[in-house]
Number of protein chains: 2
Amino acid sequence: MSRWGVAERRTDALSKERIVEAAIEILDTDGEGALTFRALAARLATGSGAIYHHVPDKNTLLAAATDSIVTRAMAGVAGDLAPADAIRAIAVGLFDTIDEHPWVGAQLHRHPRSALLRIFEGIGGRIRALGVPEAAQFNSASALTNYILGVAAQNAENARSQGAGADRTAFLADVVRQWTRNDPARYPFVHSVAAQLRDHDDREQFLAGIDLILAGMDTLS
Amino acid sequence: MSRWGVAERRTDALSKERIVEAAIEILDTDGEGALTFRALAARLATGSGAIYHHVPDKNTLLAAATDSIVTRAMAGVAGDLAPADAIRAIAVGLFDTIDEHPWVGAQLHRHPRSALLRIFEGIGGRIRALGVPEAAQFNSASALTNYILGVAAQNAENARSQGAGADRTAFLADVVRQWTRNDPARYPFVHSVAAQLRDHDDREQFLAGIDLILAGMDTLS
DNA sequence: ACCTGAACACCGTTCAAGT
DNA sequence: ACCTGAACACCGTTCAAGT
């Protein structure tokens, strides 16, 4: 409080919001390994101890960053879609978000109960609107959420092992090489789909899985 | 090589197998956070640097430990089951294994391509036997694998946040409390299933998800 | 009240020195 | 060849000292 009233405040003062924002920038540009309290302090032009006045520890910071990104992704889903399309929109929205921020995928199965709950609620509401029997709603929402989580983790790992500006074609060719290196007698299925792997689209495959679960839910009513 | 021939060797000599075995013991009894090269060296009665003669780094060690557990789990699936039952057996086998070794769930989406590939092959083979159209086999195997992965991660996190000898009823009551603490107007679905959460069974819910995906696959042929 | 930055108690990993 | 264990370059977190 100054003689100018409530408004005046250093616009660059430290706050939880600014810290989370800076953390997201570091995570996006340099990856999970680059987020240290020292790097964060340097970017915010402060001491590393100062951060602890606004954030209790690193896990909480990562949860807050994840929550911020997931909230933004869920908010982008149009409200007037048919239930099944809304589920697809939520799923694809999360897929694209994790594609953009791979660290979110890795983070999503740790502490951030709140981010997960937001996803679960968004999907559950549409499942009810879809007319899935009451007794199957919980299991159905759980199945979809877990599937999305599994893909998220997988994608995060792919992005991590690929590095930032990697050539996707070269990457896939390398995975195909790894797959076909295994004994064909012990891995017949892997060999038979290795060719499809080369020119499949992750996003399409993800959506095919969503549709598979939606089709399964459809058989319940 | 001694004058006794090839056979003689100290049975307690360090080896990759003994290191992986000791790592699994530490992970099982004291959790992921307890696995350090210093703790491992102490348990093996050696110096921390000695481990690097048999294992290149910690990530490789964790991948080898995960691979060892997953291989054991997949080997336990009976060979004479009908395809759909075999898929259920693989899935439940992995579920129970991760229940017993929660760190495997957390580890499964990182490096161990080989563990993942083993699961993918096991499931893919049965999908083909199931008569799923050729064009849908890759996506179906991918969906099931990703779903299993998602549940694995979720379960690992639950086990971690529960601690070892925790009371499950008390834990669930606490989750219900967290769920219902949110605004009912913003989280109607979460509130409506909170009661079911209290006495649901994780294993049954997991299997219900598998059956949902199997039912979806059934609509394709 | 908020910030500073040295200090503490750890890590994974390396490497000269031993056997 | 294999092992030892001190040393190095980091971490997250704490805390006396400043403003």
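Numbered from 1 within each chain, the chains take letters A, B, ... in sequence-line order. These values consider heavy atoms only, across backbone and side chains, with no hydrogens, waters or symmetry-generated copies.
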Quiz item: Could you run down nucleotides 7-19 of chain C 5' to 3' and tag each one B, S or - for protein heavy-atom contact under 4.0 Å?
Solution: B---BBBB-----

Quiz prompt | Distance test, side-chain N/O of A/His54 to OP1/OP2 of C/dC3, below 4.0 Å | solution = yes

Quiz item: Between B/Leu27 and B/His101, does a side-chain contact (heavy atoms from CB on, under 4.5 Å) hold up when you go through it step by step?
Solution: CA-CA 8 Å; B/Leu27 289 162; B/His101 314 275; over 6 Å; no

List in chain and number order the residues that pass salt bridge (Lys or Arg N to Asp or Glu O under 4.0 Å) with [X], two or more places apart in sequence or in another chain; answer none if no residue qualifies.
X        : answer
A/Asp96  : A/Arg203
A/Glu32  : A/Arg110
B/Asp174 : B/Arg177

Quiz item: In which ranges does DNA chain D form stems of 3 or more consecutive Watson-Crick or G-U pairs, distances under 3.5 Å?
Solution: C:4-8 with D:12-16, C:12-16 with D:4-8

Quiz item: Donor-acceptor pair, B/Thr66 side chain versus B/Leu62 backbone, under 3.5 Å?
Solution: yes

Quiz item: Does a side chain donor of either B/Ser142 or B/Asn139 reach within less than 3.5 Å of an acceptor in the other side chain?
Solution: no

Exercise. Could you go through the side-chain contact (heavy atoms from CB on, under 4.5 Å) check for B/Leu108 and B/Val70 one step at a time?
Key: CA-CA 9 Å; B/Leu108 217 45; B/Val70 168; 4.0 Å; yes

Practice problem: Please identify each residue that fulfils side chain to side chain donor-acceptor pair (under 3.5 Å) with B/Ser48, with sequence neighbours left out. | Solution: none

